[in-house]
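Below: the structure, in structure tokens.
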Amino acid sequence: MLDLNFIREHTDEVKEALAKLHAVAPIDEILKLDEERRTLLAESETLRARRNAVSKEMGALQRQIQQTQGKDQEKLRERFAETREEMRQVGERIKAIEEQMVQVETLLKKALLEVPNMPHESVPVGADESDNLIVRTEGEPRQFDFEPLPHWELGPMLGLIDFERGVKISGTRFYVLTGLGARLQRALTAWMLDLHVMEHGYTEVYLPFMVKQDCMWGAGQFPKFRENVYYDTEDDLYLVPTAEVPITNLHRDEILEPGTLPLRYVACTPCFRREKMSAGRDTRGIKRVHQFDKVEMYKFVEPHTSYDELEAMVRDAEDICRGLGIPHRIVQMCTGDLGFQAAKKYDVEMWAPGCGEWLEVSSLSNCEEFQARRANIRYRPAKGEKPRFVHTLNGSGLALPRVMIAIMENYQQADGSIAVPEVLIPYMGGIREIKV
RNA sequence: GGAGGGAUGGCCGAGUGGACUAUGGCGACGGUCUUGAAAACCGUUGUGGCGGCAACGUCACCGGGGGUUCGAAUCCCUCUCCCUCCGCCA
């Protein structure tokens, strides 16, 4: 969410940004509603001030009545009744104005929630993903002296993935990991979490996988991704599409005291996505599925540090790629591919020789104040100072199925077996090779 | 799931219709005193909106929402959360 004052005072700048994003948002409507709201507010406040003052007088008057007798008391009683009638009308007027104001405010809030974040000045202008910038590539794609297989062949062949049974029990885009497949994912998860906790300074958290609707708005998932989440209508709870949602809301409606920031969290949660918008795409294998695990990094930081923290987070994600010895590259999103909440965003992609494509294994964003404003997360820069909105950053570190794909496809050997990456061997109980 | 009790400022806690539009205490901060500190004493101490260059003024907020009333922290309804007891359960 953008600052209403900012929209009012920098309208042209906001509209220009929207054009770069190729997004539409009801800016003029917002300005109109804001104007209306402030007019109504001034009116109701004037009336309230009057009522407050008169109410106080009426209290005094009533005490006076009790201390008086006879004719004088009669007079005072009359005055009291007159004032009461007058105030009754003021009360009705206040009520009417406030009803109007509630309507205006509801519309205003709804409109504000539809406005995407503004891109940072360092973001290249572009139309769509073809204008994204490849920042750097690390590691040489391995040369095979045989035809590398895609994971959807390797998985079943080695008894790591069972597609049929996944579909049988839950339908398309569900899968089952079996035996060393399940173990490999568990090893990978444990290793990634350990690295972030012990080397990168994150605090591990275990989170609810179902959240209230407020959380979805707070993290900026709603209104845009409403169609894409699973939910339970009976309790009005939503299955998390990413750990970013519950983590953002950890500090919702809080004012963090001086010295608290930065807060760096890491969590592994399942992610549930209906993938309605990509129906029919990537239907083979486990690249795009309805349920997957993801290790997520998240930071709450002071505004002046957020861009350094973003670069650091990118390095943390790269450390995983490097540790696994998988060729990868960093891509910077252009304005047209930034999405709804990010002011700046990088993707980390791993090379998958079997499918022959770069797989997005991480997406790292600086949301600046956008989520903080929605979720009302502030900090106090120093004792006695006014609270300010924090900056929030999120990034996968990393998404499990796609890293599984990359490992299987990069580490496959001529005889169909898969070597276990060095760093994972201790987590695999010493197993160095997965074979039939 | 059943029965009962709660929710007030950073914390504790008073307040059952108007009198300071939240008493008092603790903590924190500033000051006086002191070589320094403690104690004592004095003062300050929430969030947000609107208006104003500003000092400041004003309005709202006593878990959330609604109602009664000229006027609600206070009365009524409702929701959420917490606590106690009972039942069930990995």
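Protein chains get the first letters and strands the later ones, always in sequence-line order, with residue 1 at the start of each. As the structure is a prediction and not an experimental result, all values here were calculated from the model.
Remark on RNA chain B: of its neighbouring residues Arg48(A) and Pro387(A), the 5'-side contact belongs to Pro387(A), judged by nearest-heavy-atom nucleotide. Remark on RNA chain B: of its neighbouring residues Ala60(A) and Thr46(A), the 5'-side contact belongs to Ala60(A), judged by nearest-heavy-atom nucleotide.
Rounded to an integer number of Å, the gap from Lys386(A) NZ to U45(B) P is 13 Å. Between Phe80(A) atom CZ and G71(B) atom C1' the separation is 9 Å, expressed in whole Å. In this structure, NZ of Lys212(A) is placed 6 Å from P of C81(B), rounded to the nearest angstrom. Computed from coordinates, the Gln213(A) CD to G64(B) C1' distance equals 16 Å when rounded to whole Å. Straight-line distance from the CD atom of Glu105(A) to the C1' atom of A60(B): 11 Å, rounded to whole Å. C50(B) atom C1' lies 14 Å from atom CD of Glu98(A), rounded to whole Å. Regarding Leu4(A), its CG atom lies at a distance of 16 Å from the P atom of G48(B), rounded to whole Å. Here the C1' atom of nucleotide U69(B) and the CD atom of Glu85(A) are 13 Å apart, to the nearest Å.
Of the candidates A19(B), C50(B), G49(B), the closest approach to any side-chain atom of Arg8(A) belongs to C50(B). Comparing atom distances between the Asn5(A) side chain and each of U58(B), C50(B), G71(B) picks out C50(B) as nearest. Comparing C70(B), G48(B), A19(B) against the side chain of Arg84(A) picks out C70(B) as the nearest.
Remark: aromatic rings of His290(A) and Tyr175(A) are distant, center separation not under 6.0 Å. When ring centroids are compared, Phe272(A) and Phe292(A) stay outside the 6.0 Å threshold. Less than 6.0 angstrom separates the ring centroid of His120(A) from the ring centroid of Tyr307(A).
Contact detail for Leu338(A) and Pro119(A): the closest heavy-atom pair is CD1-CB, 3.6 Å.
The base-pairing partner of C33(B), taking Watson-Crick or G-U wobble contacts with both distances under 3.5 Å, does not exist among the strands shown. Pairing for C53(B) is absent, with no Watson-Crick or G-U wobble pair whose two atom distances lie under 3.5 Å. Here U45(B) sits opposite G27(B) as a Watson-Crick or G-U wobble pair (both hydrogen-bonding atom distances under 3.5 Å). In this structure, G71(B) forms no base pair with any nucleotide, since neither Watson-Crick nor G-U wobble geometry is met with both distances under 3.5 Å. In this structure, A3(B) and U84(B) make a Watson-Crick or G-U wobble pair, each of the two defining distances being under 3.5 angstrom.
Between C12(B) and G87(B), the distance separating the two P atoms is 32 Å to the nearest Å. Taking the C1' atoms as reference points, U69(B) lies 40 Å from G27(B), given to the whole Å. The same atom, C1', is picked in G25(B) and in U8(B); the two are 15 Å apart, to the nearest Å. Between G46(B) and G9(B), the distance separating the two C1' atoms is 6 Å to the nearest Å. Using atom C1' as the reference point in both U84(B) and G30(B), the two lie 45 Å apart (nearest Å). Rounded to whole Å, the separation between the P atoms of A7(B) and C88(B) comes to 32 Å. Annotation: A22(B) and G36(B) have their P atoms spaced 39 Å apart (nearest Å). Comparing the C1' positions of G6(B) and G13(B) gives an interatomic distance of 14 Å, to the nearest angstrom.
Asn52(A) has no side-chain polar atom (N or O) that falls below the 4.0 Å cut-off from OP1 or OP2 of G71(B). Applying the 4.0 Å criterion to OP1 and OP2 of U21(B), one finds that Lys56(A) has a side-chain N or O inside that range. Checking the phosphate oxygens (OP1, OP2) of G71(B), no side-chain nitrogen or oxygen of Lys95(A) falls inside 4.0 Å. Residue Arg380(A) has a polar side-chain atom (N or O) positioned under 4.0 Å from OP1 or OP2 of U47(B). For Arg50(A), no side-chain nitrogen or oxygen approaches OP1 or OP2 of C59(B) to under 4.0 Å. Of the side-chain N and O atoms in Arg38(A), one or more sit less than 4.0 angstrom from OP1 or OP2 of G51(B).
A salt bridge (Lys or Arg N to Asp or Glu O under 4.0 Å) with Glu275(A) holds for exactly one of Arg281(A), Arg288(A), Arg173(A); it is Arg288(A).
Within 3.5 Å, no donor on the side chain of Glu57(A) pairs with an acceptor on the base of G18(B), nor the reverse.
The aromatic rings of Tyr202(A) and His200(A) stand perpendicular to each other, their planes meeting at an angle above 60°, with 30° marking the opposite boundary.
Partners of Phe340(A) under the ring pair (Phe, Tyr, Trp, His ring centres under 6.0 Å) rule, at least two apart in sequence or in another chain, are Phe370(A).
Residue-level contact check: Arg88(A) touches the backbone only, with heavy atoms under 4.0 Å from sugar-phosphate atoms and none from bases.
Within 6.0 Å of CD on Gln69(A) lie no more than 12 heavy atoms contributed by other residues, nucleotides or ligands.
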